[in-house]
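Everything below concerns the one structure shown next.
Lettering of chains follows the sequences in order, A, B, ..., and the numbering in each one begins at 1. Basis for what follows: all heavy atoms, side chains included, without hydrogens, waters or symmetry-related copies. Keep in mind it's a predicted model, so treat the numbers as computed, not measured.
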Amino acid sequence: MDGEKLFATSCGWCHQDGGRAAGRGPKLAGSDRTDEYLLNRIRVGKEGAMPAFAGSFSEPQLRAIVAYIRSLKDTHP
Amino acid sequence: MKPIGALVSMIGLAVVAVGLAACSMAQGTSGTEAKAAMSDTTGNDWMTYHGNYNSWHYSPLSTIDSSNVKRLRVAWVHHPGRSTRGLQSMPLAADGVLYYTGSYSRVWALDGVTGQPLWSYFPKLNDDLVAKQTHSPYTRGIALGHGKIFVGTVDGRLIALDQKTGQPAWDTKLLNSEKLTVGFTGAPLVVKDKVIIGSQGGEWPWRGPIFAVDANSGRKLWEFFTVAGTEEAKKTWGNDSWQTGGGGGWMAGGYDAETNTVWWGTGNPAPLYDWAGADWKTAGPRPGDNLYTTSVIALDPDSGKLKFYHQELPHDAWDFDSAVGEFVMIDRDGKKLVVHPNKGGHVFVYDRKDAKVVNVWPLVKHINFVKGIDPKTGELIGRRDLALGKHQNLCPAIAGGMSWNSGAYSPKTGLYYKIGQEWCMDLEVIKTTPITEPQAQLDIGANFKLRNPEGDKAHGHISARDPVTGAKKWEVMFPEPPLASLLATGGNLVFVPDPRGWLRAYNATTGEQLWSHNNGLGHNGGIISYGAKGKQYIAVATGWGSLVGDEFAELFGEPFKSMPKDSGALVVFTVD
């Protein structure tokens, strides 16, 4: 499961520079949220800000996306 | 005070005459639709999303002019509530009543003089689907005709309401939004006895249809797929990629009654970015030209058949679609022309009889996705196709050189007023796993970050230009691109709702600022002028938050970092 590819398919539109920088959505690199929090946010979204992806990604895909987020180096201020 | 009708300028009357001529050509024209063709005989009404079938966003009303605009004051305000992502809607006005939509396709009819609600309608939406949608839950407008108000929903329905009572007349499910995620956010267009509406598409992997529905019964009459809508078009999608091609027609188009032609702009193909780079004709996720994405298409409203088209960006590899923008119909030197802006930053001028390119001119300075576009043929010169890997300073950024809100054309000055956006981005194109069947998933294919253009700062501008040649008469710079629609009036004024919350009025001839008012919240929607009980009114939607506006906090800081994205109001002005 390639979290980077999944991210570039559906997430990079808002979480810019592959999640390394803030843009339409917040920066994800270095997030202090728990894995469960991130998984749940991807599943159910946030009204008016982020779509719910529970119907688009399987659980292994969701976990691959979170693993990708955790692999990002926090380089942007 | 004299009735507004008596104050319409001579130019305004000329506009009416053009409209009447156009109307007489349309068969089966109802009284309401006749008004839509020409913004009615008095100028008091605003009958379609684009003001009238000419898409001028121009009111001939001239009571408010340069001599008294300084006395413009708030007449009334209406708060719709639940303005998630702000109010993005273009109001309509007829016979002294103002109609508009808030987020979640909520519809109001308000007394045009007092703002007193006459009726409201809140459709029940599929909340699970609303939660899935990237563009939820805004609605950009409605259509009016045959005694009804028509509104689309993000869960794929088109609803007709009785104009007098707000009671539903019919409710037709057109899209399987539960599977496809796409629905309707744009305004419908009434053409004769039909209501035409285009679906979302673009980065959603399906085929982006445009529908015609019987205005009286709600029965679907035809459906045209903007992706591979003909056998010829299907051949321009290698490897059956047409099945997930994107497209769509998510903004209201225009209608040329003289030739009975509906003009509509189409969305971009999916995925947005194509790792094949320069080999896009034979390789990558969607090999070929990808018809009819990023195109202007001309449809027969009676049959739904394609009459002709022009693809503004063959194999769009940048998300610079043609769904944005108005179809400004003007006559020049005996030629009947239509002017259409493309998100990539160029304005296309076409012959209305066949969409043959008459001219192409750039509205924005920072464009490098092509070296140019041939003004005689529309052919792209020096495409910058983006192969797998990193790319710097692509201009404009994904948010476009122009966005979805409309400019304005004044027959009084002969000038076209339009917002330009100057920004760029760095990106990395990534080979994603191909999506081979329609599903509820964005299909992007890259990571990116917006940035200042090299040697410049990201900013915006309003310019007044000859719509055919692009020759610039005046320009006003803004620290951030304004995102709302513009309004030109018979009082020789141009109104510009800006992103910080200021509504400004300019002299349409010179660009001199004459008046401003702080509405306290960014503008990202529509603006109209209408007349009621002898007075002229200006109505503007306030409220911030959209896929373009969401970029502002990071790029420009305050006031956008703290600007709410769940507020909005309809603010209406007049002079005493």
Side-chain angles (χ1 to χ4, degrees), chain A residues 1-31 39-77, chain B residues 82-86 103 127-138 178-179 181 203 205 270-273 275 319 397-399 425-435 439-451 545-555 561 565-566:
Chain A
M1 202 67 68
D2 190 331
E4 184 183 14
K5 280 188 181 180
L6 291 168
F7 195 93
T9 303
S10 299
C11 315
W13 208 35
C14 294
H15 300 284
Q16 296 198 348
D17 197 10
R20 298 172 187 86
R24 291 169 180 160
K27 183 176 81 168
L28 298 172
S31 171
L39 283 165
N40 199 49
R41 175 52 59 86
I42 300 169
R43 287 187 198 110
V44 303
K46 182 179 179 183
E47 188 166 335
M50 176 171 163
F53 285 100
S56 301
F57 295 123
S58 66
E59 279 300 306
Q61 285 177 319
L62 290 170
R63 293 189 181 278
I65 291 168
V66 172
Y68 164 76
I69 291 169
R70 292 299 184 212
S71 75
L72 295 171
K73 286 184 183 160
D74 186 7
T75 52
H76 286 282
Chain B
R82 283 197 88 193
S83 290
T84 311
R85 294 199 147 160
S103 300
D127 290 339
D128 289 343
L129 183 59
V130 169
K132 280 186 191 175
Q133 288 212 331
T134 308
H135 295 92
S136 268
Y138 51 76
E178 288 70 16
K179 179 176 181 184
T181 320
E203 38 285 346
L272 299 190
Y273 300 99
W275 58 82
D319 189 7
I398 186 171
M425 71 179 191
D426 297 334
L427 79 162
E428 180 178 13
V429 177
I430 293 176
K431 186 174 182 179
T432 53
T433 304
I435 292 174
Q439 58 184 294
Q441 185 169 300
L442 291 163
D443 195 3
I444 311 298
N447 292 316
F448 51 80
K449 180 166 174 38
L450 270 64
R451 51 169 285 176
S546 74
L547 284 167
V548 179
D550 286 353
E551 302 280 6
F552 278 43
E554 188 60 24
L555 266 178
K561 273 190 184 301
K565 297 180 188 174
D566 57 358

Counting only heavy atoms closer than 4.5 Å, note whether [X] contacts chain A via side chain, backbone, both or neither.
X: B:Arg82; answer: side chain
X: B:Thr84; answer: side chain
X: B:Leu427; answer: neither
X: B:Ile398; answer: side chain
X: B:Leu450; answer: both

With chain A as the partner, which of B:Val130, B:Ile435, B:Asp443, B:Leu547 has the greatest number of non-hydrogen pairs under 4.5 Å?
B:Leu547
Winner by heavy-atom pair count (cut-off under 4.5 Å) against chain A, out of B:Phe552, B:Tyr273, B:Phe448, B:Tyr138:
B:Phe448
Toward chain B, the part of A:Ala49 with a non-hydrogen atom under 4.5 Å
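It is the backbone, since no side chain atom gets that close.
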Partner of A:Lys27 under side-chain contact (heavy atoms from CB on, under 4.5 Å), picked from A:Asp17, A:Asp74, A:Leu72, is A:Asp74
Taking C-beta and beyond as the side chain, do A:Arg24 and A:Met50 meet within less than 4.5 Å on heavy atoms?
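They are not in contact (no side-chain heavy atoms under 4.5 Å apart), so the answer is no.
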Please examine the side chains of A:Arg70 and A:Ser31, heavy atoms only from C-beta on, and report whether any two atoms are closer than 4.5 Å.
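Side-chain contact under 4.5 Å: yes.
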With a 4.5 Å cut-off on heavy-atom pairs, point out which of A:Trp13, A:Phe53, A:Phe7 contacts chain B the most.
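The option with the most such pairs is A:Trp13.
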With chain B as the partner, which of A:Gly19, A:Gly12, A:Gly25, A:Pro51 has the greatest number of non-hydrogen pairs under 4.5 Å?
A:Pro51
What closest approach, in Å, do A:Arg20 and A:Ala29 show between heavy atoms, and which atom pair accounts for it?
CA-CB, 4.0 Å
Might you point out which heavy atoms bring A:Tyr68 and A:Gly18 nearest each other, and give the distance in Å?
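Heavy-atom minimum between the residues: OH-O, 2.8 Å.
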Nearest 0.5 Å, please: how far is NZ in B:Lys132 from OG in A:Ser56?
6.5 Å
State the OG1-NZ distance between B:Thr433 and B:Lys431, to the nearest 0.5 angstrom.
9.5 Å
